[in-house]
Amino acid sequence: MMKRNGLRGMMSFPSESLPCTLSAWDEASASPPGSDFLAAYIHIPFCRSRCLFCPFYYGSASDLEKEEYVNALLKEIELYKASPLSDRIVNAVYFGGGSPGDLKPSQIIKLVKSLRSSLRLSNDCEITLESRLSSISDDLISAASDCGINRVSLGVQTFDTALRRSLGRSSDKTAVISALQRLLKVNQFAVVIDLLYGLPGQTMELWKEDIRIVLEELRIAGLDMYELGVHGEMPLMNAIEAGKLPSLPDKNLRYEMYKAGEDIMEQNGAVRLSIKHFSFNCRERNMYNEISNCKSDCIPFGMRAGGRLGNFAFRQVPDMKSYLDAVYAGKKPLAYAGRNPADFRFAALLAGQISRRRLIDIDEALRLAEVPCPDKIREAVKPLVAEWLENSWLLPSGNSSYRLSPYALFDHKRLAPLLFEAAASAYN
Ligand code: SF4
C-alpha cells in the first residue's frame, strides 16, 4: 500500500495512491454512482498573460499548440463513448483554466458539439465557459450562444483600474463593464463574476465600490466573493517582498471586508447559494460549483484536470507530450489514481452542509453516510464542537444542527479541516 497524500480540506482530500491508474479508472467507471449529480470538467490550461495572484497559470500557447491540444481533447471526449460511464446523465459541464475564452470560437463550438455527441447531457445541463474579460469578442459571444453554452464565468477580481494594473491585468474599469454589458445584452447566458477581497493595497472603500458597481451598474446573474488565497510561490508574494506592491490587508480587515460583502448582499435581497456565491436572479444555479463543493462525481478531461468518481480520486497528466501520447494511444491520460479513505463520504456531506447550508449537522451526516461507528465519531468531534460553541463560531439551531457564525464562515477554510481531521481520527 502506498502513502496517503494531501490534507483533508473543503476542496482537497487525501487518497491512497493506487499503482495502476487505468485499472482504478475502469473499476471506478463500472461502480455504482457516488452521487446523484455528475459533472464534467474540461481543462484548457493556457492563458495569454499572467496575473500576479494566479495559482492556475501553466503558460501561453501558440495557435498551433492550441489546435493540437483541442484535437487531442476531441479525441479524449470521443474515447469516453466506450466507457460504462457514458450511460450516466451529466448535469453540469465546466470549461475552466487557464482561460478557455482564449480558444478560437470555432474550437469552442467543436468541443461543445463533441461533448453533446459523446456525453448524455441532461436537458437542463449547465454549460459554463470561464474566460478572461479581454477575450470576450463578438465572435466568441456568438459562438458560445450558438453552441448552447448557457453560463459565462468571468474573473473580474476588481473593477478598480489602478488595482487591476498592479496585479497584471491589462483591461481598465470601463472595458470590463462594457464587456460585461455586451454579454448581458445577448440574454443567452447566466453571467457570473468573481470579486476578490484581501488584495494588496485594497481598502474597504475600494471593496465596497466594487460591490456597488455589481449592484447598481450591472444586471449579472451571480457573484462569487472570494478571499485572495496566498502561498509563497505566487509572483504576487515576490512583488510584495520586493516592495513593488503594498502588503496584504491584515486578517481583521479581511474579515470586515467579508462581513461588509455579506451584509450588503443580504440588504439587497441576493439569494445565497453557498458561502461565497450569491445569485441575483433565477437564471443562476451554480450547479458545477455545488457539485464540487459536495465532492460529488466529476469526470476530468484535458491535461492537469482533476476528477472524482465515488471513492476514487483522479488527476490527469501535467504535460502536453504525455497527454498527446496517452490520448492517441487510446488511453485515459491519468497521472494519478487514489482511493479515498473511509471517512470521505462523511466529510463530503459535512463539506456540503458547510458550503451550501452554512451549518453543520453531525447526526445527519452520520446517518446519510451510514457510518458504522457513529458514537465514536460524535465523541471525537465533541471537544471541537464545544470549543466552537464557546467562541460563538457555532450557534445552536435546533435538533442536532449548528449554524456557522459570520466569523466561522469567513474562516471556514481553516476551521473545516479541523473538523474533518477530528472525525477521521475516530476511523483509525
Ligand atoms: S486570466 Fe485567469 S488563468 Fe489567466 S493568469 Fe489571470 S487568473 Fe490566471
Side-chain angles (χ1 to χ4, degrees), residues 11 41-63 65-66 69-70 73 94-104 107-108 111 128-137 140-141 144 149 151-173 175-180 182-183 191-202 210 220 222-240 244-245 248 276-277 288-289 292 300-306 316 318-320:
M11 298 310 293
Y41 176 77
I42 296 95
H43 192 61
I44 310 294
F46 319 112
C47 191
R48 262 184 263 156
S49 62
R50 179 160 204 185
C51 307
L52 293 182
F53 54 82
C54 181
F56 306 114
Y57 186 73
Y58 166 77
S60 57
S62 66
D63 284 351
E65 285 167 322
K66 280 190 236 171
Y69 184 68
V70 168
L73 256 180
Y94 195 95
F95 286 91
S99 183
D102 280 1
L103 294 180
K104 285 185 189 154
Q107 293 170 328
I108 290 171
L111 286 169
T128 304
L129 179 77
E130 195 178 82
S131 178
R132 53 191 296 144
L133 258 305
S134 51
S135 305
I136 298 294
S137 64
L140 181 83
I141 295 174
I149 284 172
R151 187 169 181 268
V152 179
S153 172
L154 299 146
V156 170
Q157 321 309 3
T158 174
F159 290 98
D160 186 78
T161 301
L163 205 46
R164 292 178 63 76
R165 298 262 157 86
S166 75
L167 297 167
R169 299 230 141 173
S170 52
S171 42
D172 64 11
K173 175 166 132 184
V176 172
I177 293 177
S178 102
L180 285 166
R182 266 162 47 226
L183 266 172
V191 178
V192 299
I193 69 166
D194 295 347
L195 287 181
L196 278 175
Y197 61 91
L199 294 166
Q202 190 179 32
D210 280 343
I220 58 171
L223 169 69
D224 262 314
M225 294 197 302
Y226 285 101
E227 181 182 2
L228 174 72
V230 287
H231 57 80
E233 286 157 32
M234 270 182 174
L236 180 94
M237 297 312 284
N238 298 336
I240 292 172
K244 292 180 187 157
L245 281 177
L248 297 163
K276 294 173 287 206
H277 197 84
Y288 174 81
N289 293 324
S292 291
F301 291 102
M303 60 190 257
R304 296 180 161 238
Q316 307 233 103
D319 64 286
M320 186 79 138

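Atoms within each ligand, like the ligands themselves, are counted from 1 in listed order. Since this is a predicted model, take the numbers as computed values, not measurements.
Contact of the C51 side chain with the L236 side chain is not registered, since no non-hydrogen atoms from C-beta on lie closer than 4.5 Å. Side-chain contact between R164 and V176 is present, with heavy atoms from C-beta onward closer than 4.5 Å.
With sequence neighbours excluded, the residues satisfying side chain to side chain donor-acceptor pair (under 3.5 Å) with D224 are H277.
Inspection of the environment of atom 4 (Fe) of ligand 1 yields the following protein N, O or S atoms under 2.8 Å: C47 SG.
Counting only N and O atoms by type, the side chains of Y94 and E130 include a donor and acceptor under 3.5 Å apart.
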_Determine whether L248 and M237 satisfy the following criterion, side-chain contact (heavy atoms from CB on, under 4.5 Å), listing intermediate values before the conclusion._
CA-CA 9 Å; L248 297 163; M237 297 312 284; 4.2 Å; yes
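At least one donor-acceptor pair under 3.5 Å links the side chain of Q316 to the backbone N or O of G302.
Protein heavy atom at the shortest distance from atom 7 (S) of ligand 1 is R169 NH2, 3.4 Å.
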